[in-house]
**Q** 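Quick one: the structure is below, and I'll ask about it shortly.
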Amino acid sequence: MTYRAPKGTYDVLPPESATWVEAERVFLDLAERYGYGLVLTPVFEATELFSRGVGEDTEVVEKQMYTFTDKGGRSLTLRPEATASIVRSLIQAGGVVGTFKGCSWGPMFRYERPQKGRNRQFLQADIEYIGEAAPGADVEVIEFGYRYLQELRVPNVEVRLNSIGDAGDRSAYRTELIAYLESRRDELSDDALRRMYDNPLRVLDSKADSAVVADAPTPTEHLSDEAAEHFAAVRNGLEEADIPYRIAPTLVRGLDYYNRTVWEYVPLDFDAAQSSVGGGGRYDPLFERLGGKPTPAVGLAMGLDRILLARKQSESLPSLDAFVILAAPERRADATGLVRRLRGAGLRIDAVTGDRSVKAQFKAADRAGAANALVVGEEWDEGGVTARDLATGEQRTVALEEIETWLRR
RNA sequence: GUGGCCGUAGCUCAGCCUGGUAGAGCGCCUGGUUGUGGUCCAGGAGGUCGCGGGUUCGAACCCCGUCGGCCACCCCA
């Protein structure tokens with residue numbers, strides 16, 4: 001073994017890649033139905049965009065960024081998430097008038113130790129609902145992610161929901177939380193002790209400190225009237241939309257730009273430490289952080305790698321409508337002509353290009369997952385081919401002009 | 001960054017404890033079927049046992065080192 005994919009990356013090859021194609025199609029189709037237009041941004045950006053946007057002392061910025069200097073001396077970073085880039089692109093385009101609904105799809109990069117459902121390059125699908133402060137926007141975005149998982153047949157998904165309030169609510173809460181953590185400091189882990197002053201909310205997430213966290217004051221108990229009202233409206237909307245959710249009082253998210261509503265999707269049967277397959281939140285402060293006009297927004301990110309791991313194994317459907325088999329070498333041009341004609345008619349057709357025995361060609365047809373085989377041989381002189389249904393083994397002669405309808409039978 | 005487990009055929013793994021000629025299943029190739037796959041039967045190909053060093057008459061097996069993979073902590077999609 002000479003070369004391998006770099007640590008934390010992997011290759012996707014057929015036939016497994018078919019599920020990736022499906023995941024992308026379903027996402028883009030759903031986005032279209034909900035009115036989200038595609039946004040494409042570079043995979044690398046100025047490093048400062050992420051340190052400003054995501055937050056200087058978040059885990060992601062502190063130690064997970066792929067940062068490099070280009071030949072012009074610029075500090076660039078492979079994007080660790082999508083939202084900062086999308087917001088930057090909108091500010092660059094002159095800001096948002098009214099509302100803007102965008103979706104995006106592509107690889108993200110974080111330098112971490114790989115484990116199940118966690119890689120250094122991973123594929124993420126995002127939607128962003130920008131310019132709308134009303135709780136209905138939160139509900140729509142949460143619903144979108146939930147429906148996406150349903151359409152991909154991910155079983156038993158739970159929505160975990162919380163509100164972390166606005167900046168003002170959080171600073172009051174923060175002081176109280178620090179006081180509480182100090183009162184039980186001898187029970188805390190080293191990590192928690194290190195974090196409790198610069199990022200106390202993060203301690204709520206710590207598995208090692210779950211005993212202390214269980215009695216900790218929660219963000220939801222410290223919401224302003226407006227934030228509490230917003231949260232209540234979001235919950236109401238979810239109930240009306242028939243989306244099951246659970247309040248998760250200790251759910252906080254690791255990116256600094258979030259406020260108010262935050263949530264995650266957890267498939268309960270997914271056996272992995274990294275069990276959240278998607279998440280999102282409201283990020284009203286982000287436009288200003290990045291130098292734009294104040295603009296309310298909500299968005300979500302779905303982790304495709306994890307979704308495909310959590311998914312029910314779908315049985316493989318035939319991936320070709322027919323395989324054309326050449327039984328008489330002098331008919332080669334007729335056979336390739338037939339292949340070309342059927343492909344042109346929108347059918348999925350393949351054939352062996354070189355000289356192989358009929359037996360080998362049938363084998364190739366089977367391996368390719370073809371539903372039917374069309375044999376081009378002496379019967380061509382009578383204006384037909386031998387057509388075989390590879391699943392049942394039934395076989396008959398079909399006239400050339402009937403082939404298309406026979407394949408679509 | 002820290003910890004645990006694992007590297008043997010294309011794939012999944014047994015063999016290692018107790019050193020003595022390299023194994024299984026699946027896959028692949030050929031034939032049974034001179035124009036028929038998938039099923040069945042018969043035969044066959046394929047491995048410097050991750051890499052380097054040490055111990056030994058002899059190392060896949062014991063010891064040291066190194067690289068890689070997986071899982072967990074942490075963090076998040």
Side-chain angles (χ1 to χ4, degrees), chain A residues 1-8 10 54 58-64 80-83 105-126 145 149 189-192 194-195 199 202-203 205-209 251-255 258 262-267 270-281 299-310 318 323 325-329 331 352 356-380 385-395:
Chain A
M1 191 145 318
T2 45
Y3 295 110
R4 302 184 53 89
K7 191 183 183 79
Y10 57 93
V54 174
T58 59
E59 195 80 5
V60 169
V61 169
E62 262 178 20
K63 40 195 207 189
Q64 298 182 347
E81 60 104 43
T83 305
W105 170 280
M108 306 296 154
F109 307 85
R110 291 183 200 172
Y111 187 87
E112 297 185 88
R113 277 287 279 276
Q115 69 185 74
K116 189 171 187 178
R118 186 169 78 185
N119 290 293
R120 291 182 174 180
Q121 176 176 333
F122 55 100
L123 197 65
Q124 206 168 272
D126 294 80
L149 294 170
S189 67
D190 290 348
D191 277 333
R194 202 162 33 75
R195 289 208 166 278
N199 229 323
R202 207 67 52 70
V203 178
D205 241 354
S206 167
K207 290 180 193 177
D209 300 287
L251 175 66
V252 292
R253 316 215 65 233
L255 312 183
Y258 286 118
V262 293
W263 72 93
E264 288 182 355
Y265 304 93
V266 179
F270 183 33
D271 177 31
Q274 311 299 322
S275 58
S276 149
V277 298
L300 73 73
M302 306 299 291
L304 268 299
D305 309 58
R306 289 184 191 173
I307 289 172
L308 296 187
L309 283 175
F323 205 90
I325 285 164
L326 179 64
R331 298 257 170 274
V352 166
R356 306 285 307 280
S357 69
V358 170
K359 185 184 174 123
Q361 294 181 68
F362 264 94
K363 206 162 210 171
D366 190 55
R367 270 204 270 256
N372 304 285
L374 302 173
V375 182
V376 175
E378 25 189 65
E379 57 274 58
W380 189 270
V385 297
T386 302
R388 182 181 176 89
D389 182 316
L390 288 173
T392 64
E394 282 167 47
Q395 187 165 308

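Chain letters run A, B, ... following the sequence lines, proteins first, then strands; residues in each count from 1. Please read all numbers here as calculations on a predicted model, not as lab measurements.
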**Q** What is the pairing partner of C74(B), taking Watson-Crick or G-U wobble pairs with both distances under 3.5 Å in any strand?
**A** none
**Q** Pick the C1' atom in G19(B) and in G54(B), then give their distance to the nearest Å.
**A** 15 Å
**Q** Measure distances between side-chain N and O atoms of Gln361(A) and base N and O atoms of U36(B), and say whether any donor-acceptor pair falls under 3.5 Å.
**A** no
**Q** When you compare the protein's N or O atoms with those of nucleotides 74-76 of chain B, which come within less than 3.5 Å of each other, and at what distance?
**A**
residue : atom : partner   : partner atom : Å
C74(B)  : OP1  : Lys207(A) : N            : 3.0
C74(B)  : OP1  : Ala208(A) : N            : 3.3
C74(B)  : N3   : Arg118(A) : NH1          : 2.7
C74(B)  : N4   : Gln115(A) : OE1          : 3.2
C74(B)  : N4   : Arg118(A) : NH1          : 3.0
C74(B)  : N4   : Gln274(A) : NE2          : 2.6
C75(B)  : O2   : Glu112(A) : OE1          : 3.4
C75(B)  : O2   : Arg118(A) : NH1          : 3.2
C75(B)  : N3   : Gln274(A) : OE1          : 3.0
C75(B)  : N4   : Gln274(A) : OE1          : 3.3
C75(B)  : N4   : Gln274(A) : NE2          : 3.3
C76(B)  : OP1  : Gly254(A) : N            : 3.3
C76(B)  : OP1  : Gly254(A) : O            : 3.2
C76(B)  : O3'  : Arg110(A) : NH1          : 3.4
C76(B)  : O2'  : Arg110(A) : NH1          : 2.6
C76(B)  : O2   : Arg306(A) : NH1          : 2.8
C76(B)  : O2   : Arg306(A) : NH2          : 2.9

**Q** Check the interface with nucleotides 2-6 of chain B: list each N/O to N/O pair with the protein under 3.5 Å, or write none.
**A**
residue : atom : partner   : partner atom : Å
U2(B)   : O4   : Arg113(A) : NH1          : 2.9
U2(B)   : O4   : Arg113(A) : NH2          : 3.4
G3(B)   : O6   : Arg113(A) : NH2          : 3.1

**Q** Answer with base, sugar-phosphate or nothing: what part of the nucleic acid does Val277(A) contact at a heavy-atom distance below 4.0 Å?
**A** sugar-phosphate
**Q** Once you apply a heavy-atom cut-off of 4.0 Å, does Asn372(A) come out as touching a base, just sugar-phosphate, or nothing?
**A** nothing
**Q** Applying the Watson-Crick and G-U wobble criteria at under 3.5 Å, what pairs with C17(B)? Answer none if nothing qualifies.
**A** none
**Q** Return the pairing partner of C11(B) with a 3.5 Å limit on both distances, Watson-Crick or G-U wobble; otherwise return none.
**A** G25(B)
**Q** Does U55(B) pair with anything, Watson-Crick or G-U wobble, both distances under 3.5 Å, and if so, with which nucleotide?
**A** none
**Q** Using a cut-off of less than 4.0 Å, is there contact between a side-chain N or O of Lys7(A) and OP1 or OP2 of G69(B)?
**A** yes
**Q** Nucleotides 37-44 of chain B: which of its N/O atoms have a protein N/O under 3.5 Å away?
**A**
residue : atom : partner   : partner atom : Å
G37(B)  : N7   : Arg388(A) : NH2          : 3.1
G37(B)  : O6   : Arg388(A) : NE           : 3.4
G37(B)  : O6   : Arg388(A) : NH2          : 2.7
G37(B)  : N1   : Leu390(A) : O            : 2.5
G37(B)  : N2   : Asp366(A) : OD1          : 3.3
G37(B)  : N2   : Leu390(A) : O            : 2.6
G38(B)  : O4'  : Asp366(A) : OD2          : 3.2
G38(B)  : N2   : Ala391(A) : O            : 3.4

**Q** Of the nucleotides U36(B), C70(B), A72(B), which one has an atom closest to the side chain of Pro114(A)?
**A** C70(B)
**Q** Glu379(A) near the nucleic acid: base, sugar-phosphate alone, or nothing, with a heavy-atom cut-off under 4.0 Å?
**A** base
**Q** For nucleotides A24(B) and G46(B), find the distance between their P atoms and express it as a whole number of Å.
**A** 14 Å
